[in-house]
Amino acid sequence: MYHSALLTILFLLSVPYGVYSGNILVFPVDGSHWINMKVLITELHSKGHNITVIRSSSSLYIKEESPYYKCITVDVGPFDDDFFANFVAVSLQVRQHQKSSWGKIMFGMEVLKKFSEIHEKICNMTSKIFENETMMKSLQQAKFDMVLADPAMGGGVLLAHKLGLPLVFNVRWTMLGEGHFAIAPSPLSYVPVPGAELTDKMTFTQRVINVLTYFITYYQQVRHFGQPYQAFCQKYFGPDVDYFSLLQNADIWLMRNDFTFEFPRPTMPNVVYMGGFQCMPSKPLPDDLEKFVQSSGKHGVIIMSLGSLFGHLEMDIADEIAAAFAQLPQKVIWRHTGPRPSTLGNNTLLVSWMPQNDLLGHTKTKVFVAHGGTNGVQEAIYHGVPILGLPIAFDQPDNLSRMREKGTARVLDISELDRSVFLEALKEMLYNPSYREKMQKLSRLHHDQPIKPLDRAVFWIEYVIRNGGAPHLRTQSFRMSWITYHSVDVMLTLLGALLISGWLTFLLLRCLCFKVIFNKKIKPQL
Ligand SMILES: *[C@@H]1O[C@H](CO)[C@@H](O)[C@H](O)[C@H]1NC(C)=O
Ligand SMILES: *[C@@H]1O[C@H](CO)[C@@H](O)[C@H](O)[C@H]1NC(C)=O
Ligand SMILES: *[C@@H]1O[C@H](CO)[C@@H](O)[C@H](O)[C@H]1NC(C)=O
Ligand SMILES: *[C@@H]1O[C@H](CO)[C@@H](O)[C@H](O)[C@H]1NC(C)=O
Ligand SMILES: *[C@@H]1O[C@H](CO)[C@@H](O)[C@H](O)[C@H]1NC(C)=O
């Protein structure tokens, strides 16, 4: 009796959590964003969900054949990739020779233009899907449970609306800036706008800079990037549908972020933090690398990687960095693909690829020299290794400025880098224990959670599948005009009422006074 009741309970418990498998349509963003999406897809696949990924025919990163997902390939014309191939070199040059601000502005404009083009291309790709009846029919017949999208580009938002499906975001950026700015109240007095490299404690001048940065980026993004999506909505959904409302109407926002990294700020019931979901415990190193690491003895190793895009530094900078490394007793593992620096010391090992996560998790690793890009910062937090930052582009300066503020990193300007500056910074990171202690503290905080970030993300995706969305977690704010949202109409009405009643009281009093005076005036005469 007891036994069968237990079995029933176990069965009931397993139905919603274990057995159910969903059918998920994924609209990813190509390039480095895909790395993160793939982690999520692999995990969902291992839980028994069916995954279908939409990719463009010109995609270099999203492979058509995969054991984890099926593909729908949309044929879009080739894209001029020269700009992005050169982008890295140019942004490095701009960063290195920061003297000319005119050059910087021109470069900024160029980047904006290129990004607008990508957004337009995504719209073109989405309209290809919308207008291909066979494809639309097969999408409708596939009976998807939900759409998983990265809202840095808007295709997934449009497709989810068209198919009438619940929408879950894997998000850090939207066209309205950092994810939170699109959905949660963000008082500019203590929420720093990414790009300004500020913190949550701002002086008056910094607050002015924060507000200006906000309006400039908002204008740029809504105008340049939002425009093709707005036009798209007009064309396919009618004049009443606004792209940004569709965006804000998403069911769950899986934020690639958490409060070990982010400054405390207001958030929303449908925002789920999964910062560090891509981090794994480290595995043993390959034999030769392990031997090299062990040869460092009590001094330990320094690892340096500026990411896959920035492997190639200008020769003079690489020489300065190598010269500084050569003066240290530590061993150095440096991911470097350019020509061999002439000043390279015999303690430095150049590699074209390294198992970054496994090295960060190694007990001998003392310092991580990094650019603050995808995964690097999160992995360093996960393993508790302090960072010496050399930011180059995008939100990297901002990423590292957050770490500097928490006392877990030092940030150097690559345009002012020479061997003595770099050596001094390295020595401080190595011999001042406070950086390591603070990073280890942050790491402990990050690990002290009831459920692992990746499991939390999967739970909420399955939650949306089980319940057909999460409308009860969405606020109504996005349906409102600016005036309603800020209660300007209510304030004006109340103010009006106050003024009118004040005026009436005044009239009444004047009338009464008049009577009294009048009466008084009459009395003596009698
Ligand atoms: C997942 O795909 C397999 C093979 O294509 C199919 O048999 C199964 O019914 C699908 N499951 C769902 C929930 O769509
Ligand atoms: C998008 O499509 C329009 C009309 O077909 C075309 O003029 C435009 O060049 C396309 N944009 C891109 C970036 O491919
Ligand atoms: C429409 O989509 C199907 C696949 O679903 C594809 O085979 C076909 O070529 C597409 N048609 C056009 C005009 O792009
Ligand atoms: C490495 O270089 C240092 C000084 O440049 C030298 O003293 C040392 O013997 C060298 N070690 C090896 C193994 O070559
Ligand atoms: C900045 O850090 C966040 C969180 O670690 C990461 O998602 C993002 O990719 C980083 N920025 C860049 C430009 O790599």
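Start at 1 and go down the list; that is how both ligands and their atoms are numbered.
- Of the protein's heavy atoms, at least one falls inside 4.0 Å of atom 3 (C) of ligand 3.
- Every atom of ligand 3 with a heavy atom of T134 under 4.0 Å away is listed here by number and element: 1 (C).
- A salt bridge does not link E117 with K121: none of the charged nitrogens is closer than 4.0 Å to a carboxylate oxygen.
- Every residue meeting the side-chain contact (heavy atoms from CB on, under 4.5 Å) condition with P166, not counting sequence neighbours, appears here in chain and number order: M146, D251, V464.
- Using a 4.5 Å cut-off on side-chain heavy atoms (C-beta onward), H33 and P28 make no contact.
- The shell of residues lying under 4.0 angstrom from ligand 3, judged by heavy atoms, excludes D75.
- Residue, atom and distance of the protein heavy atom nearest to atom 13 (C) of ligand 3 are N132 ND2, 4.6 Å.
- Relative ring orientation between W34 and Y69 is described as perpendicular, the plane-to-plane angle rising above 60° on a 0-90° scale split at 30° and 60°.
- A distance-only check finds no donor-acceptor pair linking the side chain of R404 to the backbone of V411 [under 3.5 Å].
- A pairwise comparison of heavy atoms in C123 and F232 identifies O-CE1, 3.6 Å as the closest pair.
- Each of the following atoms of ligand 2 lies closer than 4.0 Å to a heavy atom of E117: 13 (C).
- Checking E133, M136, M135 against atom 5 (O) of ligand 3, the nearest heavy atom belongs to M135.
- Within a 4.0 Å radius of atom 11 (N) of ligand 3, the protein has at least one heavy atom.
- The shortest N or O to N or O distance between K121 and ligand 2 is not below 3.5 Å.
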